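In what follows, a single structure is set out as structure tokens and then discussed.
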There are 2 protein chains.
Amino acid sequence: MDTRHLQIFLTLAELRHFGRASQACHLSPSALTRTIQRLEEELGQPLFLRDNRRVSLTPVGEQFRSYARRAVQEWRAVRSALRKTDDLTGSLSIYASVTAVYSLLPRLLESFRQAYREVQLELRTGVAEQAVGLVQNGEIDLAVAALPDRHRASLQFLPLLHTPLLFIAPPFGAGSGLPLRDGLIDLSRVPMVVPQQGLSRRRLDQWLKERRILPNISSEVSGNEALIAMVRLGCGIGIVPELVLSRSPFRDEVRILEKAPHLDPYVVGLCSSKSNLQRPVAQAFWQLAVEQAGERSGL
Amino acid sequence: MDTRHLQIFLTLAELRHFGRASQACHLSPSALTRTIQRLEEELGQPLFLRDNRRVSLTPVGEQFRSYARRAVQEWRAVRSALRKTDDLTGSLSIYASVTAVYSLLPRLLESFRQAYREVQLELRTGVAEQAVGLVQNGEIDLAVAALPDRHRASLQFLPLLHTPLLFIAPPFGAGSGLPLRDGLIDLSRVPMVVPQQGLSRRRLDQWLKERRILPNISSEVSGNEALIAMVRLGCGIGIVPELVLSRSPFRDEVRILEKAPHLDPYVVGLCSSKSNLQRPVAQAFWQLAVEQAGERSGL
DNA sequence: CTCCATGTTGCTTATTTTGCAACATGATAT
DNA sequence: ATATCATGTTGCAAAATAAGCAACATGGAG
């Protein structure tokens, strides 16, 4: 039994999804499938139930999981205890959007700090849109930000957190005095405050394009926080990730619209270049993120 | 980290000898060397000190050894706990010489029994000379007996125990009234009781041939026990493994000759065919024997 | 009923591990 | 001192193992 295989098993057990797990392990789906098959063959028992829609652990799988956790942990322990040239040393630069800094970065940084005390961490915040570029040109090692829908092959992405995109409106005129169309708010008539760019803008544009609707854009802003402020002032309705709204000081001064279009959720995740992920430090951070993602979804 | 590599490491740690360890693992010496090298590279530290005469563990190696023991043991535990088709089931037939039955088989059988309760053990005793033949034609799985000096490639041997070959003489005539030559007993003149065949006979023949001595053979017997009896009766001097003599009821009725030729020690060990060692049951027994061999030498 | 998401299988390619033979090294014997 | 032996290590080719790609199942959702 190889700890690498246990690691892979653990990732799949966390994510419960072959495709995503294989990405997280930097493997092709077929390689993952086969690794699991070998494990199952070794034990003569299935570890996962695949019902072609969801993946779940069998009872045997659960037991094996607790063994795997222990085994991997113990291996890491001796290794770091006995290793002379501790390669988990050096520095790691992380770029994060404001959203990320407040939502999932705290836990992530905390546990990384605890596990790898020697690593010099450097944290930069900024707007999500820059993240990919900075990773790509090697200015930073990892980015935690809203993920683009598509990306180059040289980059790796790991979705960590989904949060719905909410339509919000100013609080006044308590009745929902907004024009409707097909039971939903008519976006061609209601004035909107939209971000200049970013994931929520792309989501909106896509939705509008599919329905050939021309929006009534009253103003374009940069940054989710700014958008909330504008909506509060009455400039129009806007779109914001629930995660951001819930942390905003204005959260009680805007109204969440129920009869709004349903957009795909806002995805925050980890991004790095494949070349960077060769570095053990980056790998360690990545692995930690995978584990935390699993814990969260397991709740 | 792969448990197989840990297993190999443990074997070398027990035997402290690359050549023998590689045999015990059914590997070529180079493969063993490289496995250890990879381990050492992984930790960035040497695990063994090779001073071209003896092999020993470094302090780091000792620490790693305790980890390896635990890891292998835990892996075996989950595996046997979760495995549905417990392949360590079935039967194992063992052939043993009388010497073996009394010397190292008890401990070996006891721990095997304890570890693999499900396995049906079948034990046959007989003369050592038959052992190899029975293994070769597949009548039995394993033999514990005196080992031949050379053997076919299809067979595997694992030396477990060395015991010196002693020259013994009848007790009467308390003075060592035997003719000498070059300070040793002159075997061309003293009557001898020798086994018809077997390891001690081969050792004797070889010794005589090297020195071009024609022995004075008074009688040939079959079996070490018979030989002791004949010597006691005064038929001549004889050769017997210390191990056998020490358990003989006649041990105080014969005299051990000091001024005797020095023969290579009598070697008792495990023998099996390579094809048989594919079976997990046989492998388990073999591995157990390796471990016990290490413990003994470690004393 | 088609399309989509998702896991699996066939086959080729890449990586890792093994074995053989030659080599290095240091001790023992002559 | 020199030959010889025992023993571990290295170069290189072969074998085994794992990975990736593309095509294929399978079961929902639109």
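In this text, all values refer to a predicted model and were calculated from it rather than measured experimentally. Lettering follows sequence order; numbering is per chain, from 1.
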side-chain hydrogen bond (donor to acceptor under 3.5 Å, both in side chains) partners for [X], two or more places apart:
X: B:Asp2; answer: none
X: A:Ser273; answer: A:Ser275
X: B:Glu62; answer: none
X: A:Arg201; answer: A:Asp205, A:Glu220

Practice item. Could you note down all residue pairs passing salt bridge (Lys or Arg N to Asp or Glu O under 4.0 Å) where residues 37-47 of chain B supplies at least one of them, sequence neighbours left out? Key: A:Arg79-B:Glu42, B:Glu40-B:Arg50
Practice item. Would you sort out whether B:Leu6 and B:Phe64 count as a side-chain contact (heavy atoms from CB on, under 4.5 Å), showing the intermediate values? Key: CA-CA 9 Å; B:Leu6 294 180; B:Phe64 189 68; 3.5 Å; yes
Point to revise | Counterpart residues, salt bridge (Lys or Arg N to Asp or Glu O under 4.0 Å), relative to A:Arg4 (two or more places apart) | key: none
Review point. In B/S/- notation, 5' to 3', how is nucleotides 25-30 of chain D contacted by protein heavy atoms closer than 4.0 Å?
Key: -BBS--
Practice item. Quick one: which residue pairs count as a ring pair (Phe, Tyr, Trp, His ring centres under 6.0 Å) with a foot in residues 21-61 of chain B, not counting sequence neighbours? Key: B:Phe9-B:Phe48, B:His26-B:Trp286
Restricting to nitrogen or oxygen on both sides, can you table the protein-nucleotides 18-20 of chain D pairs closer than 3.5 Å?
unit_1 : atom_1 : unit_2  : atom_2 : d
D:dA19 : OP1    : A:Arg4  : NH2    : 2.4
D:dA19 : OP2    : A:Arg38 : NH2    : 3.4
D:dG20 : OP2    : A:Ser28 : N      : 2.8
D:dG20 : OP2    : A:Ser28 : OG     : 3.1
D:dG20 : N7     : A:Ser30 : OG     : 3.2
D:dG20 : O6     : A:Arg34 : NH1    : 3.1

**Study point:** Counterpart residues, side chain to side chain contact (heavy atoms under 4.5 Å, CB included), relative to A:Leu208 (two or more places apart)
**Key:** A:Leu187, A:Leu204, A:Ile213, A:Pro215
Review point. Mind checking what makes ring pair (Phe, Tyr, Trp, His ring centres under 6.0 Å) contact with B:Trp207, not counting sequence neighbours?
Key: none
Point to revise | Boundaries of the chain A footprint along DNA chain C (any atom under 4.0 Å from a heavy atom) | key: C:dT6 to C:dC11
